[in-house]
*Asks:* 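Dropping a structure here in structure tokens format, bear with me for questions.
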Protein chains: 2
Amino acid sequence: MNIQLKFNMNDKLFLRDPEQSELGKKIILHSVQLIHQNGFEAFTFKKLATLIGTTEAGIYRYFENKHRLLIYLTAWYWSWLEYQVAFNINNIKDPTVKLKRVIKLLATTVENDSNTLYVDESILHQIIITEGTKAYLNKRVSEDNKDHLFKPYKDLCAVIGKMILDCNPNYKYPKSLATTIIEMAHFQNFFMNNLPSLTDFGQHKNEAEIVRFLEDLVFSSIKTP
Amino acid sequence: MNIQLKFNMNDKLFLRDPEQSELGKKIILHSVQLIHQNGFEAFTFKKLATLIGTTEAGIYRYFENKHRLLIYLTAWYWSWLEYQVAFNINNIKDPTVKLKRVIKLLATTVENDSNTLYVDESILHQIIITEGTKAYLNKRVSEDNKDHLFKPYKDLCAVIGKMILDCNPNYKYPKSLATTIIEMAHFQNFFMNNLPSLTDFGQHKNEAEIVRFLEDLVFSSIKTP
DNA sequence: TTTAAAAAGATAGTAACACTATCTTTGCAT
DNA sequence: ATGCAAAGATAGTGTTACTATCTTTTTAAA
């Protein structure tokens, strides 16, 4: 099978669609590398341009600024993850099993997806852990939200929220629990690797522990007493 | 009673102790205002200097850069909060009641503390919600962690983790649950105010709902079945 | 096959930002 | 009265975050 995944990205995310050209694809591919290497704060269009052999102005034709590029990358990631979830839970009836699959997907290192040629999902996953929240934790949220830039994130939350309700239709906080699962999958991973004394699984550095913590958290909460 | 609180801040947080001079206190007071107004990204030492009638160089004598200043503010906040926790749970025996107090402190708008003259805690609380995680979500974490810059945050987590263990000595993830409480108190607040469709209490904008969610989450998890 | 348009490359320029350096003045402690 | 630390004043540098314009290359329609 040689299938290629393509997500319909909100066209307010970019000035020119990066998926439509070689240069665009290079921008995505190498921005992921560069942000991963330097961190988002030290990442600049200048450095990216030099790396891929174009000019700053060239990058600016695709993205208004690096913040927009970050939002694009996060949006792409959440779209991709929603697809992974849909694929993984297909044919599964039991909502409990579904939720467990989701938790595993969120908290475990992603294996690279051969269906997307110019994105390295495992590095992107690392970026989302460290930089993902910066996409919305700023003064422009409301504005960006009006342009529906966070729709993929919201969609995934909605999907997870629905699963939670399927487990227990009386549970009161399905959406908040969904965001808790997502954000904590990432935060616990970050803490485990960088501030291990903040977690209960510092020494092993084992993602399976995060999965167990999240499963315990989620299923204790939603099960009817 | 006219008491003044003073926290011993790690002296790697600054170049010159801002609490020791009028200018230093002005820097703290007005940086809080300015970050709150503009967001951390748009905040610059130039703007701060103009606002308080000094020069950029003047600010640089106190803080290496704006990131260090952010770490200072977060460290101060967590120290202050740990004190608030200690004060609030004094004489309370029941660890369940203690935990409830902590959740309330974390998830509720702080009333301004008249014991600290040059910090506006309620605005600082708002800043910590939006900018707090940026103190550690970056490439310098490990380095900064070696200098113990995150100790106040860690200390508070340890205190909360201990309470959790007091509730149930067999609970396996006290530290991870502690960070979950802290971070989710803030994230749910941010979502409620900025991306309400991600929460289950969007329309009311009521912090009491966040408290209820967190209490449900925490006590479902730690209670033995 | 020519023609035009869109995309990319090349180059330049600007205001703001993130600092560093140095020199002078002020205040206060001995 | 002297000395020293803090603060003020001023200047300068390299980088960042753009915007503008002009030329060349690629692509796609006439």
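Letters go in sequence order (proteins before strands), and every chain restarts at 1.
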*Asks:* So, does A/Arg101 use its side chain to make a donor-acceptor pair with the main chain of A/Asn88 at under 3.5 Å?
*Replies:*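 Yes, because the side chain of A/Arg101 sits within donor-acceptor range (under 3.5 Å) of the backbone of A/Asn88.
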*Asks:* Let me check something: any side-chain donor-acceptor pairs from residues 186-193 of chain B under 3.5 Å, sequence neighbours excluded? List them with distances.
*Replies:*
from, atom 1, to, atom 2, distance (Å)
B/Gln188, OE1, A/Ser176, OG, 2.9
B/Gln188, NE2, A/Ser176, O, 3.4
B/Gln188, NE2, A/Thr179, OG1, 2.9
B/Asn189, OD1, B/Asn193, ND2, 3.0
B/Asn193, ND2, B/Asn189, O, 3.1

*Asks:* Under 4.0 Å from any heavy atom of chain B: name the first and the last nucleotide of DNA chain D that qualifies, 5' to 3'.
*Replies:*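 Range of nucleotides touched by chain B: D/dA6 to D/dT10.
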*Asks:* Mind checking salt bridge (Lys or Arg N to Asp or Glu O under 4.0 Å) for A/Lys151 and listing every partner two or more places apart, or none if nothing turns up?
*Replies:*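 Listed in chain order: A/Asp155.
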*Asks:* Tell me, which pairs form a ring-ring contact (aromatic ring centres under 6.0 Å, His included) where one or both residues lie in residues 140-164 of chain B, sequence neighbours left out?
*Replies:*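 Pairs touching residues 140-164 of chain B that pass the test: B/Trp78-B/Tyr153, B/Tyr136-B/Tyr153.
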*Asks:* Once salt bridge (charged side-chain N to carboxylate O under 4.0 Å, His left out) is applied, what residue pairs with a partner in residues 135-147 of chain A remain, sequence neighbours excluded?
*Replies:*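 As it turns out, the salt bridge (charged side-chain N to carboxylate O under 4.0 Å, His left out) pairs with a partner in residues 135-147 of chain A, which skip direct neighbours, are A/Lys12-A/Asp147, A/Arg68-A/Asp144.
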*Asks:* For B/Lys46, give me all partners under salt bridge (Lys or Arg N to Asp or Glu O under 4.0 Å), at least two apart in sequence or on another chain.
*Replies:*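 For B/Lys46, no residue satisfies salt bridge (Lys or Arg N to Asp or Glu O under 4.0 Å) once neighbours in sequence are set aside.
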*Asks:* Just grab all the salt bridge (charged side-chain N to carboxylate O under 4.0 Å, His left out) pairs involving residues 17-44 of chain A, residues at least two apart or on different chains.
*Replies:*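 Salt bridge (charged side-chain N to carboxylate O under 4.0 Å, His left out) check on residues 17-44 of chain A returns A/Glu41-A/Lys134.
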*Asks:* Got a sec, which residues hit salt bridge (Lys or Arg N to Asp or Glu O under 4.0 Å) with B/Asp120, two or more places apart in sequence or on another chain?
*Replies:*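 Result, salt bridge (Lys or Arg N to Asp or Glu O under 4.0 Å) vs B/Asp120: none returned.
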*Asks:* Taking only N/O atoms, report every protein-nucleotides 6-8 of chain C pair under 3.5 Å with atom names and distance.
*Replies:*
from, atom 1, to, atom 2, distance (Å)
C/dA8, OP1, A/Ser21, OG, 3.3
C/dA8, OP1, A/Tyr62, OH, 2.9
C/dA8, OP2, A/Arg16, NH1, 2.9
C/dA8, OP2, A/Tyr62, OH, 2.5
C/dA8, N7, A/Arg61, NH1, 3.4

*Asks:* Among residues two or more places apart or on two chains, list those pairs meeting salt bridge (charged side-chain N to carboxylate O under 4.0 Å, His left out) that have a residue in residues 51-60 of chain B.
*Replies:*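 Found none.
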*Asks:* Using the test side chain to side chain donor-acceptor pair (under 3.5 Å), find all partners of B/Asn138 that sit at least two apart in sequence or belong to another chain.
*Replies:*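 Side chain to side chain donor-acceptor pair (under 3.5 Å) check on B/Asn138 returns B/His67.
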*Asks:* Reading nucleotides 14-19 of chain C from the 5' end, what letters show protein touch, with B for base, S for backbone sugar-phosphate only, - for no heavy atom under 4.0 Å?
*Replies:* ---SBB
